Asker: 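To start, I am sharing the structure in question, which I have written as structure tokens.
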Amino acid sequence: MKLLLIHSDYIEYEVKTKAIKTPEDTTKKHDRFEEALTVFTAVEKIDEKGPSQVVKQAVEEITKTADQLKVRNIMLYPYAHLSSDLASPKKAQEILVEIEYELSQKNYNVKRSPFGWYKAFKISCKGHPLSELSREIIPGKIEEENESLKKERKLSSYWYILTQDGTLQDIDKFNFKDYNNLKKFSFYEKEKSRAVKGEPAHVTLMKKLEIADYEPASDAGNMRFYPKGRFIKKLLEQYVTRRVVDYGGLEVETPIMYDMDHPTLSKYLHRFPARQYQIESDKRNFFLRFAACFGQFLMAHDATISYKDLPLKIYEMTRYSFRREQSGELVGLRRLRAFTMPDVHALVSDMNMAMDEFKVRFDLSLSVLQNIGIDNSDIEMALRTTKDFYKENKNFIVDLVKKLGKPILVEMWDKRIFYFILKFEFNFVDMSDKASALSTDQIDIENGERYDIKFTDKNGTQKYPLILHCSPSGAIERVMYALLEKEAKKMSKGEKPMIPLWLSPTQVRFIPVGDEFVKDCKKYVDELNDVSKYLYVRADIDDREESVSKKIREAEQEWIPIILVMGEKEKEKKKFNPRFRIKELGDENKEYSIKELHNLITEKTKCYPQEPIPMQLYLSKKPKFKG
RNA sequence: GCCGAUGUAGCUUAGCCCGGUUGAGCGGCUGAUUUGUAAUCAGCAGGUCGAGGGUUCAACUCCCUCCAUCGGCUCCA
């Protein structure tokens, strides 16, 4: 709804001719109001979604202004020309009558000029700074509708556990004995003594390891990343992007903000009006994207696509996507208001192609997570679909469960409520028994048409494609959260935590026993990187004037995977007795030459992105970002 | 957003119940030590006690409001 409020000496009108087919009945052809706040109003299309909300917000705005101006007289004046996207006359009139009623209940003297007529009017504006105000009202939460949607979903939603052999069991009947995490995920149940655990494990770790931190100068849920955190995030981004490009994704870049009034977007947008950041720029309003869908769909809308081009895969690593989650929901790297999200859509011709592609992307997601360092035992799968789809495609679905190799949670609806017909998620269950989705893929059967995306089929006819939405890893920050929580679990069992070798900012630390060995360390660091110009071994040197044991202690606390002490012995033999953080890395009782260490490391990291060390070579020149 | 808890130096924290010039460890700086596989020693600097208001002769301490963080709830296309 658009409002134009004018503090007037008087407002006067005269009814002339009909402006619409069935205008409001009126006997009064002429009226005048002295010392009134004249409120020109235009009810818009989107107001129809939440009429009661709009009335409430409009009344608030009007009374606020009236009280400020100390005015008791209010003239409501329908004025269609304030907007180009008007509500139906019937609805508009209802809303205006409702506003009139509410205002009169609050003891204002209210007049309303008749709806649907051309009128001549005269107005005298007082002209002081507050005398002319315009307001835009967008219905807030569409509460009633959300409620009913929720209820409907609850009523028609059924929960099962599906095992590899294809048995579908009611969730209450399933024996969870060997499936503790699935149980936690399925019931999201509370364990006995959870009182006052302090902040989540990964939050403590992300600060301690100088990965990421809260930024008080920004909005909550917008993080700062220190050099080490940025580095880990960069490598994850690169790795996921590489895998999607190998799969055939065409990487694009699209804007982070979009016009709220764009006809296609606004429909989609107003289903979830309370969730975006909004930006006002000149006279236009923009929202920050909450997914990569818009940009890619708008691009696909303008593209010329043949059936031969399908499946067509479009990809973007969104830095960032924005969602204004409720403040209480935000936690560390798990749930943010600004996050980095890989999003690959696939346009397909029909359901058969959709299902084939779904399988491919299922494998891709599983493999991406595994290679990152999150394997099958760390995740629980959920699958959501309708009863009919399940019945018709049972074998297809059971095949997915076989691939995962353990039972999954299934949610089924009587009829389709959302835009997708089939969706899978891989969920991570953390130290506090919270579950969060990582990878996901959906078969969307609505948005091809909604965005008017077309392809030409064999016969030359134009068709709407189905669209798959996939994030093969989930949000990158959330992947970091999962990796940290996974290590926290290890720590609680008394095991040493470690960032996967390919992600460790420092892989090797040299500790010279005295000043005179610093230059030898430098020589070896260079040697480690001279073997190949395409493979990096990230090494640094602790040249500070501290005791050897203190330097080792600190390297251990920094989770450095390989620690090498450099002294007379090593200089002579050209061999090291490394401290390996975990036994999978190497044998502590063996001596290693630089060449052997190089091979050991690159063997484990060569299929991952290669980047040099993101920090100073010498620890004496490294600042502390935290603590 | 709702309910509860917390906020003291860059970090971790003592003091607050019962009002009377904030105390320490780590880190930083300076000096000594030149170190062989998880903390070398000494000195120095560093605090509008989250912000604003109130009560009081006097507030880190008691009261109110706000902000931030944590936990729970709700929520998570």
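Just so it is clear, the model here is predicted, and its values are computed rather than measured. The figures that follow rest on heavy atoms only: side chains count, while hydrogens, waters and symmetry mates do not.
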Asker: Could you walk me through whether A:Lys496 and A:Glu556 pass the salt bridge (charged side-chain N to carboxylate O under 4.0 Å, His left out) check?
Answerer: CA-CA 9 Å; A:Lys496 277 190 185 177; A:Glu556 294 279 3; 3.5 Å; yes
Asker: Write down the distance separating the P atoms in B:rC64 and B:rC17, rounded off to the nearest Å.
Answerer: 15 Å
Asker: For a quick check of understanding: with a heavy-atom distance under 4.0 Å over all strands, which category does A:Lys208 fall into, base, sugar-phosphate or nothing?
Answerer: nothing
Asker: Is any side-chain N or O of A:Ser549 closer than 4.0 Å to OP1 or OP2 of B:rA38?
Answerer: no
Asker: Measure from the side-chain N and O atoms of A:Tyr592 to the backbone N and O of A:Asp587, and report whether any donor-acceptor pair falls under 3.5 Å.
Answerer: yes
Asker: Please figure out whether A:Gly567 or A:Gly221 has its closest RNA chain B nucleotide nearer the 5' end.
Answerer: A:Gly567
Asker: For A:Gln557 and B:rG27, what is the distance between atoms CD and C1' respectively, to the nearest whole Å?
Answerer: 13 Å
Asker: For nucleotides B:rA39 and B:rC2, find the distance between their C1' atoms and express it as a whole number of Å.
Answerer: 46 Å
Asker: With a 4.0 Å cut-off on heavy atoms, is A:Ala220 in touch with a base, just the backbone sugar-phosphate, or nothing at all?
Answerer: sugar-phosphate
Asker: Measuring from the side chain of A:Ile552 (C-beta onward, heavy atoms only), which nucleotide among B:rU35, B:rA77, B:rA38 has the closest atom?
Answerer: B:rA38
Asker: Is the backbone of A:Leu209 close enough, under 3.5 Å, to the side chain of A:Lys228 for a donor and an acceptor to pair up by distance?
Answerer: yes
Asker: Does any nucleotide pair with B:rC60 by Watson-Crick or G-U wobble geometry, both distances under 3.5 Å, and what is it?
Answerer: none
Asker: Over all strands shown, is A:Glu516 touching base, sugar-phosphate only, or nothing at heavy-atom distances under 4.0 angstrom?
Answerer: nothing
Asker: Would you mind pulling out the nucleotide paired to B:rA32, Watson-Crick or G-U wobble, both distances under 3.5 Å?
Answerer: B:rU40
Asker: Paired with B:rU65: which nucleotide, if any, by Watson-Crick or G-U wobble criteria at under 3.5 Å for both distances?
Answerer: B:rA51
Asker: For the side chain of A:Val513, starting at C-beta, report the closest nucleotide among B:rG27, B:rG36, B:rU74.
Answerer: B:rG36
Asker: With respect to the side chain of A:Val331, which nucleotide from B:rA38, B:rG71, B:rG28 is positioned closest?
Answerer: B:rG71
Asker: Would one find a side-chain N or O of A:Arg579 under 4.0 angstrom from OP1 or OP2 of B:rA38?
Answerer: yes
Asker: Which whole-number value in Å describes the distance from A:Ile445 CD1 to B:rA77 P?
Answerer: 18 Å
Asker: Select one nucleotide: of B:rG36, B:rG27, B:rA38, the one nearest the side-chain heavy atoms of A:Val565.
Answerer: B:rG36
Asker: In terms of side-chain heavy atoms of A:Lys626, which of B:rG36, B:rC11, B:rA38 is nearest?
Answerer: B:rC11
Asker: Once you round it to whole Å, what is the distance between P of B:rG25 and NZ of A:Lys550?
Answerer: 14 Å
Asker: For B:rU74 and B:rG28, measure between their C1' atoms and round to the nearest Å.
Answerer: 45 Å
Asker: Taking only the P atom of each, what is the distance from B:rA24 to B:rA42 in whole angstrom?
Answerer: 14 Å
Asker: Which base, if any, makes a Watson-Crick or G-U wobble pair with B:rG46, both distances under 3.5 Å?
Answerer: none
Asker: Using the side-chain heavy atoms of A:Arg323, tell me which of these nucleotides is nearest: B:rC75, B:rU33, B:rC76.
Answerer: B:rC76
Asker: Between B:rG50 and B:rU61, how far is it from one C1' atom to the other, in whole Å?
Answerer: 16 Å
Asker: So what does A:Glu570 hit on the nucleic acid, given a heavy-atom distance under 4.0 Å: a base, only sugar-phosphate, or nothing?
Answerer: base
Asker: Among the nucleotides B:rU37, B:rG27, B:rA77, which one has an atom lying closest to any side-chain atom of A:Phe420?
Answerer: B:rA77
Asker: Sort out the partner of B:rG4 for me: Watson-Crick or G-U wobble, both distances under 3.5 Å, none otherwise.
Answerer: B:rC70
Asker: Could you state the atom-to-atom distance from CD1 of A:Ile511 to P of B:rG36 in whole Å?
Answerer: 12 Å
Asker: Nearest of B:rA77, B:rU37, B:rC76 to any side-chain atom of A:Tyr419?
Answerer: B:rA77
Asker: Which whole number of Å gives the distance between the P atom of B:rG43 and that of B:rA38?
Answerer: 28 Å
Asker: Would you confirm whether A:Thr318, through its side chain, and A:Thr340, through its main-chain N or O, come within 3.5 Å as a donor-acceptor pair?
Answerer: no
Asker: Could you give the distance separating B:rG1 and B:rC18 at their C1' atoms, to the nearest angstrom?
Answerer: 38 Å
Asker: Using whole Å, report how far CG of A:Asp520 lies from P of B:rU34.
Answerer: 20 Å
Asker: Want to settle it: does A:Pro578 or A:Gly328 sit nearer the 5' end of RNA chain B, counting the closest nucleotide to each?
Answerer: A:Gly328
Asker: Roughly how many Å apart are B:rG15 and B:rC29, using the C1' atom of each and rounding to a whole number?
Answerer: 28 Å
Asker: Examine distances only and state if a side-chain atom of A:Glu485 and a backbone atom of A:His202 form a donor-acceptor pair shorter than 3.5 Å.
Answerer: yes
Asker: How close or far is atom C1' of B:rC76 from atom OH of A:Tyr481, stated in whole angstroms?
Answerer: 13 Å
Asker: Looking at B:rG27, B:rG72, B:rA38, which one has an atom nearest to any side-chain atom of A:Lys434?
Answerer: B:rG72
Asker: If we ignore hydrogens and angles and just use 3.5 Å, is the side chain of A:Ser439 paired with the main-chain N or O of A:Pro472 as donor and acceptor?
Answerer: yes
Asker: Distance check needed: B:rA77 C1' versus A:Phe297 CZ, whole Å only.
Answerer: 12 Å
Asker: Does the A:Thr385 side chain pair with the main chain of A:Ile421, one donor and one acceptor, at a distance under 3.5 Å?
Answerer: yes
Asker: Tell me whether the ring of A:Phe290 lies stacked over the B:rA77 base, given a 5.5 Å limit on centroids and a 30° limit on the plane angle.
Answerer: yes
Asker: How many Å lie between CD on A:Glu329 and C1' on B:rC75, as a whole number?
Answerer: 4 Å
Asker: Any strand counts, and the cut-off is 3.5 Å on both contacts for Watson-Crick or G-U wobble. Which nucleotide pairs with B:rC11?
Answerer: B:rG25
Asker: Given B:rG71, B:rA39, B:rC76, which nucleotide is nearest the side-chain atoms of A:Arg335?
Answerer: B:rC76
Asker: For A:Glu316 and A:Thr254, indicate whether the former's side chain and the latter's backbone hold a donor-acceptor pair under 3.5 Å.
Answerer: yes
Asker: Is a side-chain N or O of A:Thr386 found less than 3.5 angstrom from the main chain of A:Phe389, in a donor-acceptor match?
Answerer: yes
